[in-house]
Every structure is written in structure tokens, then in C-alpha cells.
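This report refers to the structure that appears directly beneath it.
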Amino acid sequence: MAGGNTQVTVKVGILGAGGRMGAALIAAVGATPELQLAGLAERAGHPAVGTKVSDRLTVCANATAIAHNCDVLIDFTSPEALADNLEAACAGKCAILVGTTGLDASHHAKIDRAARSIAVLQAANTSLGVTVMAALVERAAALLGTDWDIEIAELHHRHKRDAPSGTALALGVAAASGRGVALASVAKRGRDGIGPAREAGEIGFASLRGGSAAGDHSVLFAGEGERLVISHHAEGRELFARGAVRAAAWLGGKPAGRYTMAQVLGL
């Protein structure tokens, strides 16, 4: 509009629209003025397929079809669905935000390949608070050094399948990066029985599962005579949805490449 600022609307498609996270994302997109809900998809056979969400939107089983009508897809589905979802985004030439956890090296290789042709933001956790937490953990690890032991603890609901959580691993990567080492070379996943004493520089992980916890993460820095704990407590899925839609608004129109939540916040 002449003489004023024209607001760019980013069209968003949600993959996994029939789940609890999908419902939170639908609500968050609807509450974000710069976003337009443009498509909804679920896996074939899911009871949500065919459900009418509004006068113009029905949940379908074809991610590729909605990708052609979207600027950004938001994917909170499963590792098994990732390859098809990336393929759909590439076919539709739209960006994709991958919030699915439990990914392994083969999944990240697929994301790297897709990022050659489209914008991909992959995040183990889309919480804005966790994004800032990771930055703090990296800085603290760099300042304190290996004289301080690092332990990462996480609690999630009883239905979560992967352990440690993707967020815990991302915090481990941040801590290792602060020390200038690869996480794989210093990670210790769980302790049981009688074993060797803790090694200097080790980064330990403890995973708890139970109840309906949305996600609690703490990074403990234990030094001689003092302890520093950096923690984040999630009270519901809505906070992940809010972070995801903020990232989607930022991702729309970006050139091909791989992006992070830290970039969304300018960290």
C-alpha cells in the first residue's frame, strides 16, 4: 500500500495436524497476524483425515499437495515420516521447520540434502526459553572449564520414546561446544552398578519418564564447593507452538540452507 508498510503474510502448513501438538500449532498460527493457515495434513489412516477444521480447510493425507500452497511447513510428526515430509517440501519448493525429535545421523543427512534446495530449520526444541538456555550453557561451559563437572537431567511424560531427549542432547552439544570438543567424545549416558570414577571433562545425562510432564531440563555445573544450575521447565505444549510459529514467520522467504532457533532470536 502506497505511503505505508505492507505486511507480508506467510502461508503455513501443519504436518501432524491431528495430534495434540498439531492442535496447539493450529491455535498459535491463528493467533499470529503475519501467518495464514494454508494447509493441514496427517498420515494416511489417521482418524483426523477428512476432518473439516474451518470453512476452507480440511485435514488431508497428502503433504505434497499442501506444500504447493504453503511458504512454510511445520513438522512435528515422527522420525519415520521425516523423509516423506522433506520430499514434500522440496517438491512444493517451500521451507520446512522440523521439530520432530529422536533423529539420528541418517535423518540429519536427509535434512542436509534437502537444505541444498530449500530453507530448513531443524530444532530439538522450539521453546524460546530453551534457545536462550542453550546459549547460556555454552557460555558457562566456556568460562568455567573442565574443573567443573557437567550433568544434564531431563524429565518427560511417560509416552516419550527417545532418551536422552533431543533437547538434552542439544544442551550437551552446547556445553561441549563451549569447551571446544565434540559431544560424542565426552558424553556419558546413564550410570548403573560399579564402574570407574567420573572422568574429567565428561558430560553426563540422566533421563526420567513419568506422568504428563511436558519437559523439564537442567544443566548442573558442579565445582569444588559450589554448584551452578541452569534450568527450564515447560508447562505445556503451547510454548513450543509459540516458538515454532515465530520461527515459521522468520523462515518464510529465506534462501536454501539449514537454520537454527538461535538465528531466529539473533543469537
Side-chain angles (χ1 to χ4, degrees), residues 16 19-25 27-28 74-79 97-104 121-144 148-179 183-184 186-192 198 202-223 226-247 260-262 264-265 267:
R20 288 175 292 181
M21 189 62 193
L25 286 165
I74 300 179
D75 176 16
F76 279 83
T77 55
S78 69
L97 185 157
V98 178
T100 301
T101 60
L103 305 183
D104 59 26
L121 191 158
Q122 183 271 323
N125 191 311
T126 55
S127 158
L128 303 181
V130 166
T131 302
V132 173
M133 179 185 180
L136 295 174
V137 166
E138 181 173 355
R139 183 64 174 152
L143 291 171
L144 296 175
W148 290 62
D149 298 323
I150 299 177
E151 293 287 322
I152 299 172
E154 51 100 352
L155 166 66
H156 280 85
H157 54 84
R158 62 170 64 96
H159 303 293
K160 187 170 180 60
R161 295 164 56 190
D162 55 308
S165 70
T167 301
L169 292 173
L171 292 170
V173 168
S177 177
R179 289 180 167 177
L183 178 62
V186 294
K188 179 72 173 180
R189 296 196 184 191
R191 295 180 174 85
D192 184 46
R198 194 184 202 284
E202 193 172 274
I203 296 176
F205 291 87
S207 298
L208 305 177
R209 296 288 177 268
S212 59
D216 293 348
H217 294 85
S218 293
V219 181
L220 166 68
F221 293 86
E226 58 182 324
R227 292 184 295 276
L228 169 67
V229 181
I230 303 175
S231 297
H232 179 272
H233 303 282
E235 297 180 357
R237 289 177 178 81
E238 294 76 18
L239 69 95
F240 305 120
R242 287 194 297 271
V245 298
R246 177 164 170 177
T260 67
M261 286 297 298
V264 174
L265 293 187
L267 298 175

(message) I'd like to know whether H232 forms a side chain to side chain contact (heavy atoms under 4.5 Å, CB included) with V132, so could you lay out the CA-CA distance, the side-chain angles of the two residues, the decisive distance to 0.1 Å, and finally the verdict.
(response) CA-CA 10 Å; H232 179 272; V132 173; over 6 Å; no
(message) Donor-acceptor pair, distance only, cut-off 3.5 Å: does the side chain of T126 make one with the backbone of F240?
(response) yes
(request) Without swapping roles, check the side chain of S218 against the backbone of S231 for a donor-acceptor pair under 3.5 Å. (result) no
(request) Find out whether I150 and R179 are in side-chain contact, i.e. whether some heavy atom of one side chain is under 4.5 Å from a heavy atom of the other. (result) yes
(request) Decide yes or no for R246 and L265: does some side-chain heavy atom of the first lie under 4.5 Å from some side-chain heavy atom of the second? (result) yes
How close do [X] and [Y] get, heavy atom to heavy atom, and via which atoms?
X: A244; Y: L25; value: CB-CD2, 3.8 Å
X: A213; Y: L155; value: CB-CG, 3.8 Å
X: A174; Y: A134; value: CB-O, 3.5 Å
X: S127; Y: L239; value: CB-CD1, 3.4 Å
X: I74; Y: V245; value: CD1-CG1, 4.5 Å
X: S165; Y: H156; value: CB-CE1, 3.5 Å

(request) If a pair satisfies salt bridge (Lys or Arg N to Asp or Glu O under 4.0 Å) and one of its residues is in residues 207-217, list it, with sequence neighbours excluded. (result) E154-R209
(request) If a pair satisfies salt bridge (Lys or Arg N to Asp or Glu O under 4.0 Å) and one of its residues is in residues 235-244, list it, with sequence neighbours excluded. (result) none
(request) Test T131 against V264 for side chain to side chain contact (heavy atoms under 4.5 Å, CB included), laying out the working first. (result) CA-CA 9 Å; T131 302; V264 174; over 6 Å; no
Looking at residues at least two apart in the chain, or sitting in another chain, which of them share a side-chain hydrogen bond (donor to acceptor under 3.5 Å, both in side chains) with [X]?
X: D104; value: S106, H107
X: N125; value: T167
X: R189; value: none

Going from [atom1] on [X] to [atom2] on [Y], what distance comes out if it is rounded to the nearest 0.5 angstrom?
X: R158; Y: L208; atom1: CZ; atom2: CG; result: 14.0 Å
X: I230; Y: L171; atom1: CD1; atom2: CG; result: 9.0 Å
X: R198; Y: K188; atom1: CZ; atom2: NZ; result: 10.0 Å
X: R227; Y: W148; atom1: CZ; atom2: CH2; result: 10.0 Å
X: L121; Y: T260; atom1: CG; atom2: OG1; result: 6.5 Å
X: L97; Y: M261; atom1: CG; atom2: CE; result: 7.5 Å

(message) Run the salt bridge (Lys or Arg N to Asp or Glu O under 4.0 Å) test against R20 and tell me which residues pass, sequence neighbours left out.
(response) none
(message) Among D149, V137, V229, exactly one meets side chain to side chain contact (heavy atoms under 4.5 Å, CB included) together with F221. Which residue is that?
(response) V137
